[in-house]
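Working notes, beginning with the structure itself.
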Amino acid sequence: MRPLDEDETKAVFEKLFKFTGNNLKNIVENPSYEGPGSNPSRYCFRINKNKVYYVSESLVKRATNVARNNLVSLGTCIGKYTHGGSFHLTVQSLSLLAANAKHKVWLKPTSEMAFLYGNHVLKGGLGRITENIAPGDGVVVFSMSDVPLGFGISAKSTQDCRKLDPNGIVVLHQADIGEYLRMEDEL
């Protein structure tokens, strides 16, 4: 497990900024109260076998006793690098994104299952949507009872969604909590 280099850090922060906006500062400066010390430490990003982890510094210090080959996971896996070198957020980062989301979409109860099966969000299933969403922005998808279900990329702006027909795609699916069941061997 090693710290991210400059290019890796840039790629991770750009992807997180797409979903959180200026709230990225809250993720980076979040105090960690884990460990034996009374003073809070900070969270940091570490990479191990192409997976990026969000972990407290005190836990990283204690993990130095474990051999790199024996270390399976540490902290929260927020994403991974593909063989092509691009960074993709995984469903495990949903708790971070939901707490700091800039743009949100709420689904009607009838369309929650369709999203959890990996389908895009359609206009007919949209319950509410935050203002000022532009096409290509990162969006966190919630149920009407504010339970985070997943995240995706907006296909239309907020204004365009009002004029769209009910079968038009509003949010392009990227990840959802149904992946814990669909891809449990890979996670």
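Quick note: residue numbers are just sequence positions, from 1.
- Contact of the Gln159 side chain with the Glu131 side chain is registered, since non-hydrogen atoms from C-beta on lie closer than 4.5 Å.
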*After noting the C-alpha distance and the side-chain angles of Leu149 and Glu112, does the key distance pass the side-chain contact (heavy atoms from CB on, under 4.5 Å) rule?*
CA-CA 8 Å; Leu149 299 176; Glu112 287 177 13; 3.9 Å; yes
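- To the nearest 0.5 Å, atom CZ of residue Phe87 and atom NZ of residue Lys80 are 10.5 Å apart.
- A centroid separation of 6.0 Å or more is found between the aromatic rings of Phe45 and Tyr53.
- Nearest heavy atom pair, residue Gly127 against residue Met144, reads CA-SD, 4.0 Å.
- Residues Ile153 and Val139 fail the side-chain proximity criterion, which asks for heavy atoms closer than 4.5 Å.
- Follow the hydrophobic side-chain contacts under 4.5 Å out from Val55 and you never reach Phe13; the two are in separate clusters.
- Within the 4.5 Å cutoff, the side chain of Tyr43 has no heavy atoms near those of the Leu59 side chain.
- Placement of Ile47 and Val60 in two distinct hydrophobic clusters is found when ILVMFWY residues are connected by side-chain heavy-atom separations under 4.5 Å, directly or transitively.
- Not one N or O on the side chain of His103 forms a donor-acceptor pair closer than 3.5 Å with the backbone of Gly138.
- For the pair Leu16 and Leu96, the minimum side-chain heavy-atom distance is 4.5 Å or more.
- A 4.5 Å side-chain heavy-atom check between Ser56 and Arg42 finds every atom pair outside the cut-off.
- Nearest heavy atom pair, residue Val91 against residue Asp176, reads CG2-O, 3.1 Å.
- Taking hydrophobic clusters as Ile, Leu, Val, Met, Phe, Trp and Tyr residues chained together by side-chain heavy-atom distances below 4.5 Å, Leu97 shares a cluster with Tyr180.
- Looking only at distances, a side-chain donor or acceptor of Ser154 sits under 3.5 Å from a matching main-chain atom of Ala134.
- Heavy-atom minimum distance, Val140 versus Ala101: CG2-CB, 3.6 Å.
- Between Lys51 and Gln92, the closest side-chain pair of non-hydrogen atoms is not below 4.5 Å.
- Across Ser111 and Leu107, no two heavy atoms sit closer than the pair OG-CB, 3.8 Å.
- Every pair tested for ring-ring contact (aromatic ring centres under 6.0 Å, His included) that includes a residue from residues 59-79 fails, sequence neighbours excluded, so the list is empty.
- Residue Phe151 comes nearest to Phe115 through the heavy atom pair N-CZ, 4.1 Å, listed as atom of the first residue, atom of the second, then distance.
- Checked by atom type and distance alone, the side chain of Asn23 never pairs as donor or acceptor with a backbone atom of Asn26 at under 3.5 Å.
- Partners of Thr20 under the side-chain hydrogen bond (donor to acceptor under 3.5 Å, both in side chains) rule, at least two apart in sequence or in another chain, do not exist in this structure.
- Residues Asn48 and Leu74 fail the side-chain proximity criterion, which asks for heavy atoms closer than 4.5 Å.
- Heavy-atom minimum distance, Lys156 versus Ile133: O-CG2, 4.2 Å.
- Residues Thr130 and Thr158 form no side-chain contact, since every pair of their non-hydrogen atoms from C-beta on lies 4.5 Å or further apart.
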